[in-house]
Amino acid sequence: MPEVLGSIKWFGHASFMFKDNASGNRIYYVDPHEFDKAAATYEKADIIFITHSHFDHCDSGAVRKLLKPGTVIAVPSGCKEKLGVEAEFVDVAPNKDYEIRGFKFRTVPAYNTKPDRLQYHPRSNNWVGYVFTVNSQTVYHAGDTDFIEEMKSLGKVDVALLPMGGTYTMDVDDAVSAANAIKAGVTVPMHFRRLLGSNASAAEEKFKAGVKNSRVVVLEEVA
């Protein structure tokens, strides 16, 4: 497990990079956002995964900084047009298996169920989370979602990346329930600090105390 955690970088919010040493140092990003430093700061992407079309997940400027010849971008509905970049795209939808140049992954639905959030991530939009294997460990990036029934049948997950900012996604209590249902080896909270501000540290502690079926690791954001 330390190996896969060491291969993950968190850029804040729902933005992650994964270095897959097992497949020849391939570089994968999920929802890159606000990469406002020089492009040379970031390793170029082999594959970019986008979960949905909101600006803080489908960020054209960030994606442009990561492109190289041969980069492939996995996109659900509404994202390709918003990115407006020249690249190879793979269209994705929930509950399907895919393969991009030998890299296999599957999609999981990501949507709101709470009445006060339904307008943010409607199930009918067919937005997604992703499950893939990096360094022989299964990683689940939930995307923007509430605690949904599909989380109870993910199968074995080594690392689960779960939003807990409330307002648009699960709050801390919902995320605790989700983490205990998924039972990943490690659960990493995301999508909360900019939303909770000064309350973020308290949320982290509440999350750690509530999760019983997984080891909680709070990653340090890459500066």
Side-chain angles (χ1 to χ4, degrees), residues 1-11 13-32 43 45-52 57 72-76 90 92-111 126-164 169-170 174-192 207-208 210-220:
M1 192 62 64
E3 181 183 0
V4 71
L5 286 177
S7 70
I8 298 174
K9 290 183 179 180
W10 183 35
F11 294 97
H13 214 48
S15 179
F16 291 85
M17 185 198 84
F18 305 85
K19 180 174 286 190
D20 190 4
N21 300 314
S23 62
N25 292 316
R26 291 185 180 175
I27 306 297
Y28 312 119
Y29 287 83
V30 180
D31 287 355
E43 296 184 75
D46 292 295
I47 306 174
I48 299 172
F49 298 91
I50 305 296
T51 62
H52 65 289
H57 300 262
V72 181
I73 309 174
V75 287
V90 172
V92 300
N95 296 313
K96 293 184 180 296
D97 297 304
Y98 296 91
E99 183 173 337
I100 296 176
R101 296 178 183 167
F103 184 70
K104 297 179 180 180
F105 62 96
R106 60 188 170 98
T107 52
V108 179
Y111 58 92
N126 287 326
W127 290 337
V128 300
Y130 291 97
V131 177
F132 48 77
T133 299
V134 177
N135 298 317
S136 302
Q137 300 291 321
T138 300
V139 178
Y140 168 48
H141 186 296
D144 272 12
T145 185
D146 281 332
F147 177 26
I148 56 176
E149 283 296 312
E150 289 87 349
M151 291 179 179
K152 299 176 182 178
S153 56
L154 290 172
K156 183 178 182 293
V157 174
D158 295 299
V159 179
L161 312 173
L162 301 182
M164 66 172 196
T169 70
M170 296 183 282
D174 296 329
V176 165
S177 297
N180 286 329
I182 295 167
K183 302 177 184 177
V186 170
T187 301
V188 177
M190 65 173 182
H191 202 280
F192 68 97
F207 188 65
K208 290 176 185 177
V211 175
K212 305 300 183 185
N213 293 331
S214 179
R215 179 166 67 93
V216 174
V217 175
V218 179
L219 296 180
E220 292 298 321

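These numbers come from the heavy atoms of this one structure, side chains and all, not from hydrogens, waters or symmetry mates.
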task = Report yes or no: does S214 contribute a side-chain atom to a donor-acceptor pair with the main-chain N or O of T187 at less than 3.5 Å?
result = yes
key: Under 3.5 Å donor-acceptor, D46 side chain and I27 backbone   = yes
ask   = Below 4.5 Å, heavy atoms only, C-beta onward: do V131 and V108 meet side chain to side chain?
value = yes
request  = Name the orientation class of the two ring planes belonging to F132 and Y28 (parallel below 30°, tilted from 30 to 60°, perpendicular beyond 60°).
outcome  = tilted
Beyond-backbone contact of F103 with D20, side-chain heavy atoms, under 4.5 angstrom = yes
ask   = Of L161, V159, L162, which is the lone residue that meets side-chain contact (heavy atoms from CB on, under 4.5 Å) with Y140?
value = L162
request  = Identify the two heavy atoms, one from V92 and one from Y98, that lie closest to each other, and give their separation to 0.1 Å.
outcome  = CA-OH, 3.2 Å
remark   = So NZ of K156 and CD of Q137: to nearest 0.5 Å the spacing works out to 6.0 Å
key: Side-chain donor or acceptor of D174 paired with backbone N/O of T169 under 3.5 Å   = no
note = Sequence neighbours excluded, the answer for side chain to side chain contact (heavy atoms under 4.5 Å, CB included) partners of N180 is V176, V211, K212, N213
Test item: Y111 and I148 side chains (from C-beta on) under 4.5 Å apart, heavy atoms = yes
request  = Grab the two heavy atoms, one from A175 and one from M170, that are nearest each other, plus how far apart they are.
outcome  = CA-SD, 3.8 Å
request  = Step by step, work out the side-chain contact (heavy atoms from CB on, under 4.5 Å) result for V90 and V72.
outcome  = CA-CA 7 Å; V90 172; V72 181; 3.8 Å; yes
message = So which atom in K19 and which in V134 form the shortest heavy-atom distance, rounded to 0.1 Å?
response = O-CG1, 3.8 Å
key: From M17 atom CE to S7 atom OG, the distance as rounded to the nearest 0.5 Å   = 8.0 Å
inquiry  = Check the orientation of F105 and F49. Use parallel for under 30°, tilted for 30 to 60°, and perpendicular for over 60°.
reply    = perpendicular
query = Side-chain contact, heavy-atom cut-off 4.5 Å: I47 with R101?
reply = no
message = What verdict does the side-chain contact (heavy atoms from CB on, under 4.5 Å) test give for K9 and Y29, after you've listed the backbone C-alpha separation in whole Å, the side-chain angles of each residue and the deciding distance to 0.1 Å?
response = CA-CA 9 Å; K9 290 183 179 180; Y29 287 83; over 6 Å; no
ask   = Hey, mind stepping through V128 and Y130 against side-chain contact (heavy atoms from CB on, under 4.5 Å) and telling me if it holds?
value = CA-CA 7 Å; V128 300; Y130 291 97; 3.7 Å; yes
request  = Calculate, to the nearest 0.5 Å, the distance between atoms CZ and OG1 belonging to R106 and T133 respectively.
outcome  = 9.0 Å
request  = Specify the closest pair of heavy atoms between F16 and A14, including all atoms of both residues, with the distance to one decimal.
outcome  = CD1-O, 3.4 Å
inquiry  = Tell me if a side-chain donor or acceptor on D158 pairs with a main-chain N or O of T138 at a distance below 3.5 Å.
reply    = yes
key: Donor on one side chain, acceptor on other, D31 and H13, under 3.5 Å   = no
ask   = Heavy-atom count around E149 CD within 6.0 Å, excluding the residue itself: above 12?
value = no
request  = Quick one: do I73 and I50 satisfy side-chain contact (heavy atoms from CB on, under 4.5 Å)? Show the steps, please.
outcome  = CA-CA 7 Å; I73 309 174; I50 305 296; 4.1 Å; yes
task = Decide yes or no for E150 and T145: does some side-chain heavy atom of the first lie under 4.5 Å from some side-chain heavy atom of the second?
result = no
note = Scanning both residues in full, the closest heavy-atom pair of M190 with A142 reads CE-N, 4.1 Å
message = Looking at every heavy atom in both F147 and K152, which two are closest together, and how far apart are they?
response = CZ-CE, 3.8 Å
